[in-house]
Engineer: 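Dropping a structure here in structure tokens format, bear with me for questions.
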Amino acid sequence: MSTSYNPETVELTAQKYWDDAASFEVGEDADKDKYYCLTMFPYPSGKLHMGHVRVFTINDVIARYHRLQGKHVLQPMGWDAFGMPAENAAIQRGIPPAKWTYSNIEDMRGQLKRLGYAYDWSREVTTCRPEYYRWEQWLFTRMFEKGLVYRKNSIVNWDPVDQTVLANEQVIDGRGWRSDALVERREIPQWFMKITDYADELLAELDRMPGWPDSVKTMQRNWIGRSEGVELSFDVIGEDEPLTVYTTRPDTLMGVTYMAVAAEHPLAARAAATDPDIAAFIEECKTMNAQEATLETMEKKGRALGISAVHPLSGEEVPLWVANFVLMSYGTGAVMAVPGHDERDWEFAKKHGLPIRQVIAPTDGSEIDIDEAVYLEHGVLVNSGDYDGLDFDSAFNAIADEFERTGRGSRKVNYRLRDWGVSRQRYWGTPIPIVYCDDCDAVPVPADQLPVVLPEDVEVTGTGSPLKDMPEFVNTPCPKCGKDARRETDTFDTFVESSWYFARYACPDSDAAMLDSRVQYWTPVDQYTGGVEHAILHLLYARFFQRVMRDEGLTDVSEPFSNLLTQGMVLKDGAKMSKAKGNTVDPQELIQKYGADTVRLFMMFAAPPEQSLEWSDDGVQGSFRFLKRFWSAVVEHVAAGPACAVDRDALDDEQKELRRKTHQTIAKISDDIGRRHSFNTAVAASMELLNAVNKFADESDQGRAVVHESLQAVVVMLSPMVPHICHALWQQLGHEEELIDQRWPDVDEAALAQELVEMVVQVNGKLRARIAVAADAHKDVAEAQALGNENVQRFIAGKEIRKIIVVPGRLVNVVV
RNA sequence: GCCCGGGUGGCGGAAUUGGUAGACGCAGCGGACUUAAAAUCCGCUAUCCGAAAGGGUGUGUGGGUUCAAGUCCCGCCCCGGGCACCA
């Protein structure tokens, strides 16, 4: 073998070996301890970007590490192949979405292979294939039978020029991205999945998921947003139907000075019929962006409707308003307003000159001015008649009891979480398996008629819907009565595909059922890795789907992912890499220049996985330099002839010291990778050990033996990150058996023992000296040695020692 | 606006349970090798004062707790992610 490091030769050789030996294809072996290591599968956008390289490398390191720990590891890969970019490419370049997608998959698979990831390619899953999506169509029809899906009207962004529905990101400043037309809010019937049926379970289980980051669990808790409140009704003067509202603050009920309804509310519509100003306001609300971020930050506007409700406790009349921040689709489409104790109500009242009434006072008896500032805390009731003096809990219960007694309201648990709207008015997605019949209404497609195949040979123009224009797709007999009927032309949200692919990897070829018994062996996923941007939606939908599959009897598992690692983005010049900013770095070019191992190493070394990673071309150079040094250290050591075994009793002090460093490093890297996922410090520790080996110039038998032990350990421990070079160096070190089948090195506790340890001495918390103390020395000995130190004496001379703190093996702090 | 993160040398980052701030690497500076350059190797490198020994300052910002705070608590500023049709 040549003495200089040639990454291309080394990497292609290793990859060919793994390929020929099918090293990473795994079956279900009941005697082995399985480890399912998964990364969020990519959208096949055309080319791998650095973000992909980062997350895939992180996951590959974890997978290869666990294999060296003796686990039976499954690491699959596949494609989240439906989605908008394929349609955009079709519009711009006239290539059918299917053709574009399949060709991207080919390219990206090649790139992944060149990076040397330990994937079981025999399990590859592609979501735009009928053999995949037929099973989610099937599950949808099962959910239909169980009443877990339903149809209701909901709002979409309608582009009146292109006659099409736009995604939020396609609406720029209220206008369509292609047509520049003013986008309208339009209500259309859409399919929903009842994720709220599982809200309690999804929430409760978070407390029993130690393998997930607290930040993600908190985000999901807040997203589900369980609240306990009271639903109560207000009579409306001149109306038969009372107005129902939900509040979590019934204690502030006596502070209600007005109420607000949504623009689409029937009461508002009735008022608009006679009042052109209200009609114009409602019209204005139609062009309003419905995104939560916009709703919360926009100017709060409203109009008085000229009608009043009756306060259920005081009998007082409170005016009714229509307001742009109340949405018909959330809750009852109406809210009670307590300007004294709600931020938004306070601002609205100030703006429109509505009365503000204080009904809560601070518990400590201090005075507040409700005209100056809103008071949001829980406190003691005032100006509330019989309820005066009660605290939050007593008032809540007293008022809730009163409403339940009179039948005008009841306690209610509410969730911020809304049901999952899965309908998309797009071509490139899974057809929703429903047929509309004039007699039988919406009929699910029977299992034996699935899949409903998406026609792949289409022309996408960006105007209208391709499926609607295909009579051969749309026209079909009703599965129930046989009469002429029409297929649903909407497709699923692509989050549906990504909500169960992790289970399908266990049995990708199962053609008799969605999942088969192999799923019992592999799931749950032991380690799941992906971007934080998926912390809520994808991960919550996947947790929901897992339970739906469980309740369908397909699996016993409730939680799909035991451990979760959320990785940060790859930045360049402080910003996310994007074509628009022109700050992208092509992994392909770097691999050609330095090899896959250098790219992988830099990714692992430059930042801890959870943080964003700042790209640096110079840093890549440094990683390449390190691999060259690593290569020559091993090659030169081997060239000097064979090394004998370490004889622990025959080592001199320096040999002992290198050996201590070796075993300290083994302990550190094991912890860094296995427990902390701190790959950057694991790499740094390897560099330190290699630096120590390079400085160690002892050609004696035991000297070479100790070096041999170090190098061997580094080769094994770096192999999860840089598998190709380690594969070659392991052979250089004279091994016949393959590195991927080795075991992680063990720590020799005896080698860690130290006679002297360094302790620092502080005076009043400031570092004044370092002393060497026997490792097993008593506190008093360390204390005496510290006080005897010359520099310490300078700072304590003539002062009274008030206290001495000794932290064994670490420091002595003298307080004067 | 709300929820979740983050802020440490010229740069990426380290400091794991409140106990030596700046490991490791990059860049820079000095040196060796070379006809020269590249590559490689060796040394220095938070900052200020000092010849040195040593000392002062220092982890976005203002307070607080503690013998001891990058780490814990309270307020503020800035940056990033998510907010239900980007994936």
Side-chain angles (χ1 to χ4, degrees), chain A residues 40 42-43 45 80 82-85 88 156-157 165-171 190 213-223 225 290-298 343-344 416-421 423-426 493-495 498 531-538 540-541 566 568-569 571 574-576 602 605-608 610-623 625-626 628-629 632 668 671-672 675-676 678 680-681 683-688 691 694 758-768 770 791 794 802-805 807 810-816:
Chain A
M40 292 176 187
Y43 177 80
S45 54
D80 187 12
F82 276 135
M84 254 187 0
N88 295 341
V156 294
N157 304 310
V165 173
L166 301 179
N168 288 335
E169 71 160 12
Q170 295 174 317
V171 181
Q190 307 203 63
D214 289 335
S215 57
V216 174
K217 287 189 282 189
T218 306
M219 279 191 269
Q220 292 213 348
R221 263 184 215 110
N222 294 340
W223 185 261
Q291 286 181 53
E292 190 187 332
T294 319
L295 286 175
E296 298 267 349
T297 48
M298 72 185 176
E343 185 91 51
R344 192 177 58 189
R416 206 186 78 93
L417 179 69
R418 309 197 300 263
D419 277 336
W420 177 13
S423 295
R424 293 294 179 271
Q425 297 69 43
R426 305 207 193 297
D493 177 5
T494 56
F495 274 126
S498 55
V532 237
E533 63 272 24
H534 295 295
I536 296 176
L537 293 181
H538 161 61
L540 198 61
Y541 293 147
T566 52
M569 295 182 306
L571 311 178
K576 189 174 177 170
F602 174 72
F605 181 57
E610 302 84 3
Q611 280 177 35
S612 57
L613 181 153
E614 177 65 34
W615 184 262
S616 155
D617 288 327
D618 287 333
V620 180
Q621 272 279 357
S623 295
R625 243 192 322 258
F626 170 73
K628 284 196 283 190
R629 276 205 305 277
S632 44
K668 170 154 180 64
D671 187 49
D672 279 354
R675 180 180 64 89
R676 296 207 299 150
S678 174
N680 54 332
T681 54
V683 174
S686 303
M687 288 174 168
E688 270 189 76
N691 289 345
N694 282 339
E758 189 190 73
M759 288 177 74
V760 300
V761 186
Q762 299 175 335
V763 178
N764 285 347
K766 293 203 173 193
L767 178 67
R768 297 302 179 194
R770 294 162 199 276
N791 202 43
R794 279 178 52 204
R802 295 196 358 234
K803 200 172 183 181
I804 299 179
I805 290 127
V807 181
R810 302 214 79 139
L811 68 78
V812 180
N813 188 10
V814 184
V815 185
V816 295

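Proteins come first, then strands; the chains are lettered A, B, ... in the order of their sequence lines, and each starts at number 1. These numbers come from a predicted model, not from an experiment.
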Engineer: Would you check if Gln611(A) and Leu613(A) make a side-chain contact, meaning some heavy-atom pair closer than 4.5 Å?
Structural biologist: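 Counting from C-beta outward, Gln611(A) and Leu613(A) never come under 4.5 Å.
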
Engineer: Give the B/S/- string for nucleotides 19-34 of chain B, one per nucleotide from 5' to 3', where a protein heavy atom under 4.0 Å of the base yields B, of only the sugar-phosphate yields S, and otherwise -.
Structural biologist: BB--BBSSS-------

Engineer: Less than 4.0 angstrom between a side-chain N/O of Lys766(A) and OP1 or OP2 of A68(B), yes or no?
Structural biologist: no

Engineer: Please, what dot-bracket string fits RNA chain B when only Watson-Crick and G-U pairs with both distances under 3.5 Å count, crossing ones use [ ] and pairs to another strand use |?
Structural biologist: (((((((..(((......[....))).(((((.......))))).((((....))))..(((((..]....))))))))))))....

Engineer: Could you check whether any side-chain heavy atom of Met84(A) comes within less than 4.5 Å of a side-chain heavy atom of Arg426(A), counting everything from C-beta outward?
Structural biologist: yes

Engineer: For nucleotides 82-87 of chain B, read 5' to 3', which letter fits each nucleotide if B means a protein heavy atom sits under 4.0 Å from the base, S means only the sugar-phosphate is that close, and - means neither?
Structural biologist: SBBBSB

Engineer: Treating Asn813(A) as the side-chain partner and Gly765(A) as the backbone partner, does any N or O pair qualify as donor plus acceptor under 3.5 Å?
Structural biologist: yes

Engineer: Between G50(B) and A69(B), how many Å separate the two P atoms, rounded to a whole number?
Structural biologist: 29 Å

Engineer: Phe495(A): which residues meet the ring pair (Phe, Tyr, Trp, His ring centres under 6.0 Å) condition with it, sequence neighbours left out?
Structural biologist: Tyr541(A)

Engineer: Answer with yes or no whether the side chains of Ser678(A) and Thr681(A) bring together a donor and an acceptor at under 3.5 Å.
Structural biologist: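 Judged by distance alone, the side chains do pair up.
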
Engineer: Do any side-chain nitrogens or oxygens of Arg676(A) fall under 4.0 Å of OP1 or OP2 in A15(B)?
Structural biologist: yes

Engineer: Quick check: closest heavy atoms across Ser612(A) and Ala607(A), and the distance to 0.1 Å?
Structural biologist: O-CB, 3.9 Å

Engineer: Using the salt bridge (Lys or Arg N to Asp or Glu O under 4.0 Å) criterion, which residues pair with Arg810(A)? Sequence neighbours excluded.
Structural biologist: none

Engineer: Considering residues at least two apart in sequence or located in another chain, which fulfil the salt bridge (Lys or Arg N to Asp or Glu O under 4.0 Å) criterion with Arg802(A)?
Structural biologist: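 Arg802(A): no salt bridge (Lys or Arg N to Asp or Glu O under 4.0 Å) contacts found.
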
Engineer: Identify, between Asn222(A) and Arg675(A), the residue whose nearest nucleotide on RNA chain B lies closer to the 5' end.
Structural biologist: Asn222(A)

Engineer: Start at the 5' end of RNA chain B and walk down; is the nucleotide closest to Val216(A) or to Ala607(A) reached first?
Structural biologist: Val216(A)

